[in-house]
Amino acid sequence: MLLELRAEAETGLTEALDVLGHPADDLGIERPPDDVDAVLASSVAFRLAEAASRPPPAVAANLADAFDTDGCEYIERVRARGPYLNVIPSERYAEATLAGAVQDGYGHLDRRETSVVVEHTSANPTGPVHVGRARNPIIGDAIASVLEYAGYDVERHYYVNNAGRQVATLAWAYEQFDETALPDPERDKPDYDLVRYYRKGTTFLEEGPEAAVTEAEAEIQSIMRGLEQGDETAYDRVSVAVEATLSGMRETLDRLPAPFDEFVRETRFMRDGSTDDVVARLKTTDHAVYEEDAWQLDLPGIEKNLVFLRSDGTSLYTTRDLAHHEWKLDRFDRAVTVLGEDHELQARQLRATLDLLGHDTDRLDTIHFSWVNLPEGGMSTREGTGVDLDDLLDEAVRRARAEVEQRLDGRMRDDDLSEADIDRIARQVGIGAVRYDIVARQPRKVITFEWERALDFEAQSAPYVQYIHARASGILAEAGATPAPGAVDTTTLTTDAERTLLREIARFPAVIEEAADGLEPHLIATYTREFAEAFNGFYRECPVLDAPEETRRARLALVAAARTTIANALDVLGIAAPDSM
RNA sequence: GGGCACGUAGCUCAGCCCGGACCAGAGCGUCGGACUUCUAAUCCGACGGUCGUGGGUUCAAAUCCCACCGUGCCCGCCA
């Protein structure tokens, strides 16, 4: 509802500025501090003061007088307070907020008729997903969801690298080594099974006898060339190992869950000729250079040449990724990619090259996140250092379960949780805590992984937010029927706590819009925390079930609206909203 | 060496893009309080900060610009 009110405020303010002969290019609309009873404010008066040769408060007072609220549905009035203009909402604003927020889809913005593909994770299928990578699916999935809420047609893609050196090495190692020479797998899952061959293989290439290594390198090269030439045998050899590994990785990602609409395989762009086509076009550009037997691009503003064809005539990952991106731009209006910070240069080169090929790169967005490190250093699949995501999720659920059981005794609510409930809550809370911990921070910040911090179940965590959903659910279940929003008198909601909660509910769609515009899902996490504080304030101050009839009805509607709001906000973050905890 | 990021309470972060009522907000930790009352994974209070450093722009700077310092990532015919 804040979005509608803001639209009214913008129109009204523009008119008022016009009437007084001020420029209306910067309205200075902002969120007022919590202790001001306005829902929106403007600081334009500061900027107008000099030209008007009057102090800001005087300008603000004039603007407040000139603001015509006659046509406004949601604005009661606009008043000056010092140099600021404060927008005071009407009772209709409260009514419309409640009516809007009890709808299941609350927070979904109007459809935009714009398609966007969100590519995320795309980890090399060489072994289990480790925590160092975990930011990618969690941030990526949240970005996809927030765009869906904002009205875009979204597809989630995982780009499978099944053509590079890494997977050729895996395929070779899988054929080369006997299982008896390998350690037992850490889990009974194909990715844990296969990664043993991969690690054995990379160690062999680094430390094995020279002649044997040369032979192995030749074999790996031949697999790569086979793929390049569309050789079915080479493709099958790689597929056996890659697809098995990928299935194990998908199983782990499903636990988050991080669903995908499509797994796009790199080889697709080799087999359909589009990579050759890109190479042919690149050779004809002014920036193409042939140096040291390899075709390269000397890109403007980029210090490093981009090799797009090796001296042996084979393509590189980036070459295929160019074809992949042309494919995406051809099918979608926008393409968002979530990548690690180590891919920064590559992403810049990709963008510059697509630009060179005549594409509108404004349709492209890249979000970079920094690594999750261990206190002792980085994580690596190849070296086998790091914490597997499976282990983190298991431990999270285990600790959450211990927490539920410990709280069982002191439980005030006599609703006897069943074994199945305990299981459900442990899963919702445990995995939710991991996701929240990651999605709540700006992707650029480096994270050092520590068990206690990642699995903190207190304030500023998923359970803190989930708890208010459970509380709201409890009240509504106890009450039985929830009154229709049209049948309640919002004027009975008079306390600060009620008004603050209402204000937070009304803000949700505006938060979605802001998070979607900037591709910043952490804004939603911040919002859920502030929302939870507002709800807890209400919960403390305002009894619902024991309130006088009129008040009770209004508060029940408010609780119902709060519940949908927080459920949907959590939904954006991919975090479950438990009915009981 | 070059490029790109990050630097806010003891610790972990939000605020920075779009400068204004923030002479800075949370959480954790520490200390003290609140369960016969809709779930205490909650709430209330106290203590705690030269917003890395120095300059600049502005009526106004945590926020914009410059320099410097520290940290991370990248600088492969790997991905």
Side-chain angles (χ1 to χ4, degrees), chain A residues 26 28-30 32-33 35-36 41 43 45-47 49-50 55-56 81-84 86 122-124 126 161 163-167 169 266 291-296 302-304 307-312 314 316-318 321 340-346 348 368 370-371 373 378 400 403-404 406-407 410-415 425 429 433 437 440-442 444-448 450 452-453 456-468 470-479 518 520 522-523 525-526 529-530 532-533 536-537 539-540 542-547 555 559 580-581:
Chain A
D26 180 3
I29 302 275
E30 57 190 59
D35 55 354
V36 172
S43 59
F46 280 108
R47 268 144 281 157
E50 196 176 349
R81 180 166 143 183
Y84 293 94
N86 286 331
S122 305
N124 282 351
T126 50
N161 168 6
R165 193 188 149 77
Q166 270 83 344
V167 293
T169 303
E266 197 179 354
E291 283 174 14
E292 297 175 42
D293 298 332
W295 280 94
Q296 322 191 3
I302 294 179
E303 58 282 4
K304 182 82 195 149
V307 175
F308 64 91
L309 201 61
R310 290 191 180 96
S311 48
D312 68 358
T314 59
L316 292 89
Y317 174 86
T318 320
D321 204 23
E341 61 178 341
D342 54 334
H343 285 61
E344 200 128 32
L345 176 61
Q346 184 216 319
R348 276 203 300 139
H368 292 280
S370 300
W371 293 117
N373 289 318
E403 203 78 17
V404 181
Q406 188 195 321
R407 285 165 208 274
R411 201 173 167 80
M412 291 178 66
R413 194 177 170 82
D414 55 349
D415 59 354
I425 296 166
V429 166
D437 186 57
R441 307 190 219 190
Q442 293 199 32
R444 273 298 185 179
K445 308 255 182 169
V446 175
I447 296 181
T448 300
E450 287 165 78
E452 318 77 62
R453 191 153 292 134
D456 179 10
F457 295 148
E458 287 181 3
Q460 286 192 2
S461 67
Y464 174 75
V465 178
Q466 291 173 313
Y467 191 58
I468 70 156
R471 276 181 156 178
S473 300
I475 293 173
L476 294 172
E478 200 91 9
E520 297 175 296
H522 79 275
L523 295 179
T526 304
R529 201 201 72 225
E530 289 170 353
E533 279 164 14
N536 281 326
Y539 187 89
R540 182 179 68 249
C542 306
V544 177
L545 299 174
D546 297 336
R555 285 181 178 169
V559 172
S580 64
M581 279 174 73

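Below, chains carry the letters A, B, ... as their sequence lines are ordered, and counting in each starts from 1. None of the values given here were measured: they were computed from a predicted structure.
Contact annotation: A/R310 reaches the phosphate of B/C78 (side-chain N/O to OP1 or OP2, under 4.0 Å). Residue A/N536 places none of its side-chain N or O atoms closer than 4.0 Å to OP1 or OP2 of B/U42. In this structure, A/K445 does not reach the B/G72 phosphate: none of its side-chain N or O atoms is under 4.0 Å from OP1 or OP2.
Of the candidates B/U42, B/A21, B/A26, the closest approach to any side-chain atom of A/Y467 belongs to B/U42. Nearest nucleotide to the side chain of A/R441, out of B/U12, B/C4, B/A21: B/U12. In this structure, of B/C43, B/A40, B/C4, it is B/C4 that holds the atom nearest to the side chain of A/R444. Comparing B/C38, B/U39, B/A26 by their nearest atom to the side chain of A/V544 picks out B/C38. The A/Y539 side chain lies nearest to B/A40 when the options are B/A40, B/A21, B/G27. Listed nucleotides B/A26, B/G15, B/U42 differ in distance to A/L523; the shortest reach to its side chain belongs to B/G15. Among the nucleotides B/C43, B/A14, B/C17, the one closest to any side-chain atom of A/E520 is B/C17.
In this model, no side-chain donor or acceptor of A/D342 finds a partner on the base of B/A5 within 3.5 Å.
With A/T314 contributing its side chain and A/R310 its backbone, the two residues share no donor-acceptor pair below 3.5 Å.
No more than 12 heavy atoms of other residues, nucleotides or ligands sit less than 6.0 Å from atom CD of A/E50.
A gap of 14 Å separates the P atoms of B/G25 and B/G45, to the nearest Å. With both ends at atom C1', the span from B/C18 to B/G54 equals 27 Å, rounded to whole Å. For the P atoms, the distance linking B/A21 with B/C68 amounts to 32 Å, nearest Å.
Taking syn as a glycosidic angle within 90° of 0, B/C35 qualifies as syn.
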Evaluate A/Q346 against A/T318 for side-chain hydrogen bond (donor to acceptor under 3.5 Å, both in side chains), listing each step before the verdict. CA-CA 8 Å; A/Q346 184 216 319; A/T318 320; 4.9 Å; no
How does RNA chain B look in dot-bracket form if you count Watson-Crick and G-U pairs under 3.5 Å, write [ ] for pairs that cross, and put | where a base pairs with another strand? (((((((..((((......[....)))).(((((.......))))).....(((((..]....))))))))))))....
